[in-house]
Amino acid sequence: MWFGYARAELLTTTQARDAVVRAMHEYAVSFAFGPGEVVIEPMAPERMLRAIIEEADRQDPALAVMRRLEYVAAAWDLDLERLFDSGSPRTQSLWRVMDEIEGQGGGHLIVPSRAHLAGLGPSGKAVVQRLTRMPQAHIYYLQSTTDRDRKSRAEPELVSSGAPQVGVRVLAESKVGAIPTVTRFDIIAELTRLEWSELIEPVDKLYMALADDANAAAMAAGELGISPFGHQGVIRLLQRDDGQLVVELQESRHRDGAPTAALTALCAHIDRYTERGHTVTRCTLSSQLASPLIPAAERVGRLS
């Protein structure tokens with residue numbers, strides 16, 4: 001038995017929410033957790049009300065809804081900020097999940113990242129502590145790296161084809177494990193942070209196609225695919241200086257086969273080269289999916 005849990009306020013777009021829900025189901029299937037469901041904790045009503053008012057004022061500043069409320073609150077001697085307290089999260093859904101797990105004598109809780117179980121106030125802390133103290137309750141985090149890790153990570157090593165290349169920046173980088181869901185969530189989180197939700201689905205499909213291409217080639221050669229017991233792999237989401245996005249898989253083995261048709265169909269252009277026993281497959285997305293250049297202060301690394 002398993003539950004996926006996420007907070008709506010941390011999944012700001014429909015694309016991000018759909019990708020996270022899909023990733024949770026795939027993770028549970030990969031580990032044979034059995035039946036389960038995903039629960040999304042709704043935004044606290046006061047936060048939602050404030051967001052609605054701010055959006056109304058943004059669309060028509062003449063309405064001045066927030067200012068009118070402030071005048072009324074002052075006349076009634078009320079603290080309006082208390083009503084809109086940003087530190088008032090809701091945890092009813094999380095408590096329901098805990099009750100279900102406790103009633104079943106244990107279970108698995110899948111969350112996108114630690115942030116979804118943080119900042120929940122006394123009520124949230126109580127339920128998390130209760131879950132962690134249950135011997136048969138297990139919590140799994142899909143995000144494999146933290147923002148701090150990404151910003152402090154040294155420039156990754158990349159074998160070079162020897163040909164001049166357009167400058168490339170690393171937006172996300174992950175080791176590919178036996179279960180690619182965790183790896184994929186890194187890019188879902190990064191694209192959500194960058195507010196590029198329209199890119200989540202095509203990049204996610206390309207991530208999976210690259211992993212499938214590598215594993216199919218290994219199977220055909222009678223070898224283990226990318227896993228802790230087989231070949232090692234690193235996958236990166238890159239942005240070129242011209243705004244084009246590239247997804248790149250670096251494998252710790254030499255292979256000469258052509259990319260599969262399924263992989264090629266997802267790329268506007270594809271390169272594969274080998275050097276020093278490594279194979280790099282670099283897929284450029286369609287120019288229609290080009291993105292705004294990232295400010296220099298936010299760049300993770302640079303390859304050239």
Open item on the list: So D212 and T260, do their side chains get closer than 4.5 Å, heavy atoms only?
Closed with: no
Task: Heavy-atom closest contact (R17 atom, L11 atom, distance) - done: CA-CD1, 4.1 Å
TODO: Salt-bridge test for E248 and R236: reply yes if a basic N is under 4.0 Å from a carboxylate O, no otherwise.
DONE: yes
Task: Non-hydrogen atoms of Q92 and E41 that approach each other most closely - done: N-OE2, 3.3 Å
Task: Residues forming a salt bridge (charged side-chain N to carboxylate O under 4.0 Å, His left out) with R255, sequence neighbours excluded - done: D213, E251
Task: Any residue meeting salt bridge (charged side-chain N to carboxylate O under 4.0 Å, His left out) with E201, in chain and number order, not counting sequence neighbours - done: K205
Task: Distance-minimising heavy-atom pair for T192 and A16 - done: OG1-CB, 3.4 Å
- [ ] Evaluate the ring planes of H108 and Y140, with Trp represented by its six-membered ring, and classify them as parallel (under 30°), tilted (30 to 60°) or perpendicular (over 60°).
- [x] tilted
Task: Shared hydrophobic cluster, V128 / Y141 (ILVMFWY, side-chain heavy atoms < 4.5 Å) - done: yes
Open item on the list: Between V246 and V234, is there shared hydrophobic-cluster membership here, with clusters defined by ILVMFWY side-chain heavy atoms closer than 4.5 Å?
Closed with: no
Open item on the list: Test side chain to side chain contact (heavy atoms under 4.5 Å, CB included) on S93 and I40; report intermediate values, then the result.
Closed with: CA-CA 7 Å; S93 297; I40 304 294; over 6 Å; no
Task: Check: R169 and D241 side chains under 4.5 Å, non-hydrogen atoms - done: yes
Open item on the list: Starting from L78 and following side-chain heavy-atom contacts under 4.5 Å between hydrophobic residues (I, L, V, M, F, W, Y), which residues can be reached?
Closed with: V72, W76
Open item on the list: When you measure from the side chain of N215 to the backbone of A211, do you find a donor-acceptor pair of N or O atoms at a distance under 3.5 Å?
Closed with: yes
TODO: With the side chain counted from C-beta on, respond yes when I110 and F33 share a heavy-atom pair under 4.5 Å apart, and no when they do not.
DONE: yes
- [ ] Answer whether the closest heavy-atom distance between the side chains of L131 and L117 falls below 4.5 Å.
- [x] no
Open item on the list: Counting C-beta onward and ignoring hydrogens, is there a side-chain heavy-atom pair between L191 and L237 closer than 4.5 Å?
Closed with: yes
Task: Distance, nearest 0.5 Å, that separates CG of L285 from CD of Q244 - done: 8.0 Å
Open item on the list: With a 6.0 Å cut-off on the ring centroids, do H116 and Y5 count as close?
Closed with: no
- [ ] Start with the C-alpha gap between H269 and R282, add the side-chain angles, then the distance that decides, and say whether side chain to side chain contact (heavy atoms under 4.5 Å, CB included) holds.
- [x] CA-CA 8 Å; H269 181 74; R282 180 175 281 192; over 6 Å; no
- [ ] With the side chain counted from C-beta on, respond yes when P112 and M24 share a heavy-atom pair under 4.5 Å apart, and no when they do not.
- [x] yes
- [ ] Check for a donor-acceptor pair, side chain of S286 on one end and backbone N or O of A268 on the other, with a separation under 3.5 Å.
- [x] no
Task: Flag side-chain contact, heavy atom, 4.5 Å: T281 against I270 - done: yes
Task: Shortest non-hydrogen separation from A28 to W2 and the atoms involved - done: CB-CE2, 3.3 Å
Open item on the list: Quick check for you: to the nearest 0.5 Å, what is the distance between E55 atom CD and Q59 atom CD?
Closed with: 4.5 Å
- [ ] Look at atom CD of E195 and say whether more than 12 heavy atoms of other residues, nucleotides or ligands are closer to it than 6.0 Å.
- [x] no
Open item on the list: I'd like to know if R193 pairs up with E190 as an ion pair, taking the criterion as any Lys NZ or Arg NE/NH1/NH2 lying under 4.0 Å from an Asp or Glu carboxylate oxygen.
Closed with: yes
TODO: List the steps and the verdict of side chain to side chain contact (heavy atoms under 4.5 Å, CB included) for T284 and V247.
DONE: CA-CA 7 Å; T284 303; V247 179; over 6 Å; no
- [ ] Take Q104 and E100 through the test side chain to side chain donor-acceptor pair (under 3.5 Å) and record every step on the way to the result.
- [x] CA-CA 6 Å; Q104 294 290 329; E100 291 277 356; 5.0 Å; no
Open item on the list: Applying a strict under-4.5 Å side-chain criterion to I, L, V, M, F, W and Y, I'd like to know whether I53 and L63 cluster together.
Closed with: yes
TODO: Say whether, by atom type as modelled, one donor and one acceptor occur between the side chain of R7 and the main chain of A115 under 3.5 angstrom.
DONE: yes
Open item on the list: Nearest 0.5 Å, please: how far is CE in M208 from CG in L263?
Closed with: 12.5 Å
Task: Residues L266, C283; criterion side chain to side chain contact (heavy atoms under 4.5 Å, CB included); working and verdict - done: CA-CA 8 Å; L266 297 176; C283 302; over 6 Å; no
TODO: Evaluate the side-chain proximity of E37 to F3: yes if any heavy-atom separation is below 4.5 Å, no if none is.
DONE: yes
- [ ] Enter the distance from C267:SG to L210:CG here, rounded to the nearest 0.5 Å.
- [x] 6.5 Å
Task: L94-L10 co-clustered via ILVMFWY side chain contacts under 4.5 Å - done: no
TODO: Output the distance between atom CZ (R22) and atom CD1 (I200), rounded to the nearest 0.5 Å.
DONE: 9.0 Å
Task: Pairwise distance CH2(W95) to CD(E102) - rounded to 0.5 angstrom - done: 9.0 Å
Task: Test item: D204 side-chain N/O and A19 main-chain N/O as donor-acceptor pair under 3.5 Å - done: no
